[in-house]
Structure formats: C-alpha cells, structure tokens
Enquirer: 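If you scroll down you'll find the structure; I have some questions about it.
Every chain is numbered from 1 and lettered A, B, ... according to where its sequence line falls, protein lines coming before strand lines. Side chains are part of it too, since the values below use all heavy atoms of this structure and drop only hydrogens, waters and symmetry mates.
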There are 2 protein chains.
Amino acid sequence: MSKNALTAAPRKLLDVLDLGECCTPLRRELLEADQAVTLAEAFKALADPVRLQLLNLIATADGGEACACDLVDPVGKSQPTVSHHLKVLREAGLVTGEKRGTWIWYSVVPSRLEDLRRVLART
Amino acid sequence: MSKNALTAAPRKLLDVLDLGECCTPLRRELLEADQAVTLAEAFKALADPVRLQLLNLIATADGGEACACDLVDPVGKSQPTVSHHLKVLREAGLVTGEKRGTWIWYSVVPSRLEDLRRVLART
DNA sequence: ATCCAGCATCGAGATCTGTCAATATTGATC
DNA sequence: GATCAATATTGACAGATCTCGATGCTGGAT
C-alpha cells in the first residue's frame, strides 16, 4: 500500500473554504463541523516546533528545496523523528518530496500555505 | 492567582518574527528552536475543530462579538468543554472576553490572526 | 554479489490533549 | 440573607502525539 509514499496524500483540504478572490471583503460563512475537522488537521501540521523549523529550513533553502539529509542536524532530533515529521508535512500537503538517486529533495507547496492564510483572513 | 482571567495572558508571541512591512520581499530568517516553540503554541490553538468553530462563530457574530452562552449549543459539546476551549483561545491571544453582568462577550483579536498570516506568507 | 548510506517503518514509553460529570465561583434578582 | 443562571475549575479517563532505538528497505558503489 505504500507505493508512491513521497508524493504525499494531499487529502482535499481547504477547498471547502474557498473564499473567492484575494482581499475581497468576503461573506463570512458558517463553519460546519466536518469542515472544521478538515481545517484543524491542516493546522495540526503546523502546531509543532520541529515541523515549523523543517518548513522554514526547506522554504529558505537555496533553490527552494532541501535534501532530507540536511534537515536532521539543524533541528536536533533523531533521524526517525525527523522522518516522521516530514511525513506529517507531506500528508498535510505542505511539502513535497522528490527522490533523486539516494536522497530526497523537499520543497514547500506555496498554494497550500496560501489556503491557510486565506482562512486566517476572515475576521 | 486567577485574577483577571478574562483579559487572557497574551504571552508575547510572534514579535520575534516581525517581518517588517507587508508584502515586502523580505529576507528569510532562520527559525530558532525557541521561536519555533512559541510559534507552534499559537498554531496549536488553531489545531482543533471545536476551537475553529468557536473562532468562526465569534468572528461572524453581529457586532463582532458573541456571548459565551450562545457558543455551547452550536459546537455540540458540553459547557465545561467549551469553556476549556475558550480559555485556550484566550491564552493564545486569539480572542478576548469582556464580562458584562452575568455573561461574557467574546471577540477576536484581528492583529493576532494577522501575525499568523504573516508567518505563513514566508515562502 | 556485497557493502554502505539515506530514508522509512515498527514498537514502546512518556507526555499531552479532549472530553465529561461533578463541583465551585460569580453576579443578578428576589 | 436565599436562589438561580452563567462560567470556571477540578478530577479522571481515553485517545492522540512526540520521541527514540532497532530494524527494514532501497539504490549506488566497490
């Protein structure tokens, strides 16, 4: 079942909350329970210091991508732990990993971050 | 010790990550471990379906504020549970509660949401 | 084919979190 | 005073989460 483990499993996330154009004084919709669950899963991926550091490391890396091998030392956790957190980020659709030879290059998915930003814009 | 429990305890949060003017192609800073912890605490407050619903209910309420008494039924949880989640939101600085007579009126803190949005903008 | 490096998975322990029933506190009203 | 309604707090339990050591898997190099 673990085929294609790297391209993540971007469960449909925030589409339910597509709020139309950017910066439009949008109509505030009531948040249904199931939508809230989906949204909360996305924010859960951001709710850990190690994952935030990983995201930051990847986002600020040269060329917009970072080798997984360069992510272990900076966060000060074990390799299995880092691997676990990268999986969480992948499954949340926040990053993607591309395997090249022996190692894996990670890059962020800007559109996913943008989705979450839009949600926070509704005040 | 529980004096002034309503005005929340807005632990300094995202000031560490003040990125300067909006929409500036800002310099990407490395995220230190302690900063990541502070940030993660903020996102943790958003990482729960009930809290997202509460935030949404408050944000979309008439006049921008909602009575706590009107927040229990919509989320389908017990009163202590809702009270707990409102406390988490308060301590994260995402909402404030003002006591008027017997009940408490909650409103969101837009600047705090804006802070988190800025963090997600760094890609 | 063998060996090694990069990464994932498994299993387990410790801690954190969401939830509720019961109870306490606070404030308005009688 | 006593009483009631609105919130908060406590205590306890179940389930989720973070973490690591041990192990498995994969691909390149010898």
Enquirer: Side chain of Pro80(B): nearest nucleotide among dC20(C), dC7(C), dT19(D)?
Expert: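 Comparing dC20(C), dC7(C), dT19(D) against the side chain of Pro80(B), the answer is dC20(C).
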
Enquirer: Rounded to the nearest angstrom, tell me the gap between atom NZ in Lys87(B) and atom P in dG18(C).
Expert: 13 Å

Enquirer: Give the rounded distance in Å between these two atoms: CG of Leu52(A) and C1' of dC18(D).
Expert: 15 Å

Enquirer: Could you check if a side-chain atom of Leu89(A) sits within less than 4.5 angstrom of a side-chain atom of Tyr106(A), using non-hydrogen atoms only?
Expert: no

Enquirer: Nearest of dC7(C), dC18(D), dT26(D) to any side-chain atom of Lys99(A)?
Expert: dT26(D)

Enquirer: Measure from the side-chain heavy atoms of Lys44(B) and tell me the nearest of dG18(C), dA8(D), dT17(C).
Expert: dT17(C)

Enquirer: Can you tell me how far C1' of dT26(D) sits from CD1 of Ile104(A), to the nearest Å?
Expert: 10 Å

Enquirer: Taking all heavy atoms of Ala45(B) and all of Ala92(B), pick out the closest pair and write down the distance.
Expert: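 Of all heavy-atom pairs spanning Ala45(B) and Ala92(B), the closest is CB-CB, 3.5 Å.
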
Enquirer: dA8(C) phosphate, OP1 or OP2: any side-chain N/O from Arg90(A) under 4.0 angstrom?
Expert: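 It does, given that an N or O in the side chain of Arg90(A) lies less than 4.0 Å from OP1 or OP2 of dA8(C).
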
Enquirer: In whole angstrom, what separates Asp48(B)'s CG from dG15(D)'s C1'?
Expert: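 Rounded to whole Å, this separation is 14 Å.
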
Enquirer: If you assign Arg51(B) and Cys69(A) each to the DNA chain C nucleotide with the nearest heavy atom, which residue ends up on the more 5' nucleotide?
Expert: Cys69(A)

Enquirer: For the pair made of NE2 in His84(B) and C1' in dA8(D), what is the distance, rounded to whole Å?
Expert: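 Nearest whole value for this atom pair: 13 Å.
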
Enquirer: Select base, sugar-phosphate, or nothing to describe what His85(A) touches, counting heavy atoms under 4.0 Å on all strands.
Expert: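 Sugar-phosphate, no base atom in range.
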
Enquirer: Closest approach to the side chain of Gln79(B), judged atom by atom: which nucleotide of dT19(D), dA28(C), dA8(D) is it?
Expert: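 Ranking dT19(D), dA28(C), dA8(D) by closest atom to the Gln79(B) side chain puts dA8(D) first.
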
Enquirer: Taking for each residue the nucleotide of DNA chain D bearing the nearest heavy atom, is the 5' side occupied by Thr102(A) or by Thr81(A)?
Expert: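 Looking at DNA chain D, the more 5' nearest nucleotide goes with Thr81(A).
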
Enquirer: Provide, to the nearest angstrom, the distance between the CD atom belonging to Glu41(B) and the P atom belonging to dT17(C).
Expert: 9 Å

Enquirer: Could you check if a side-chain atom of Leu55(A) sits within less than 4.5 angstrom of a side-chain atom of Leu46(A), using non-hydrogen atoms only?
Expert: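 Side-chain contact under 4.5 Å: yes.
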
Enquirer: Rounded to the nearest angstrom, tell me the gap between atom CG in Leu89(A) and atom P in dC18(D).
Expert: 11 Å

Enquirer: Taking NZ, NE, NH1 and NH2 as the nitrogens, is one of them in Glu41(A) or Lys44(A) under 4.0 Å from a carboxylate oxygen of the other?
Expert: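 So Glu41(A) does not pair with Lys44(A) through a salt bridge.
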
Enquirer: Of the candidate nucleotides dT19(C), dC18(D), dT26(C), which contains the atom at the shortest distance from the side chain of Lys77(B)?
Expert: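 Nearest listed nucleotide: dT19(C).
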
Enquirer: Do Leu57(B) and Leu120(A) share a hydrophobic cluster, counting only Ile, Leu, Val, Met, Phe, Trp and Tyr and linking them when any side-chain heavy atoms are less than 4.5 Å apart?
Expert: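 Per the 4.5 Å side-chain linkage, Leu57(B) and Leu120(A) are co-clustered.
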
Enquirer: In whole angstroms, how far is the P atom of dT17(C) from the CD atom of Glu91(B)?
Expert: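 Taking CD of Glu91(B) and P of dT17(C), I get 11 Å after rounding.
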
Enquirer: Output the single nucleotide from dC20(C), dT19(C), dA8(C) whose closest atom is nearest the side chain of Ser78(B).
Expert: dC20(C)

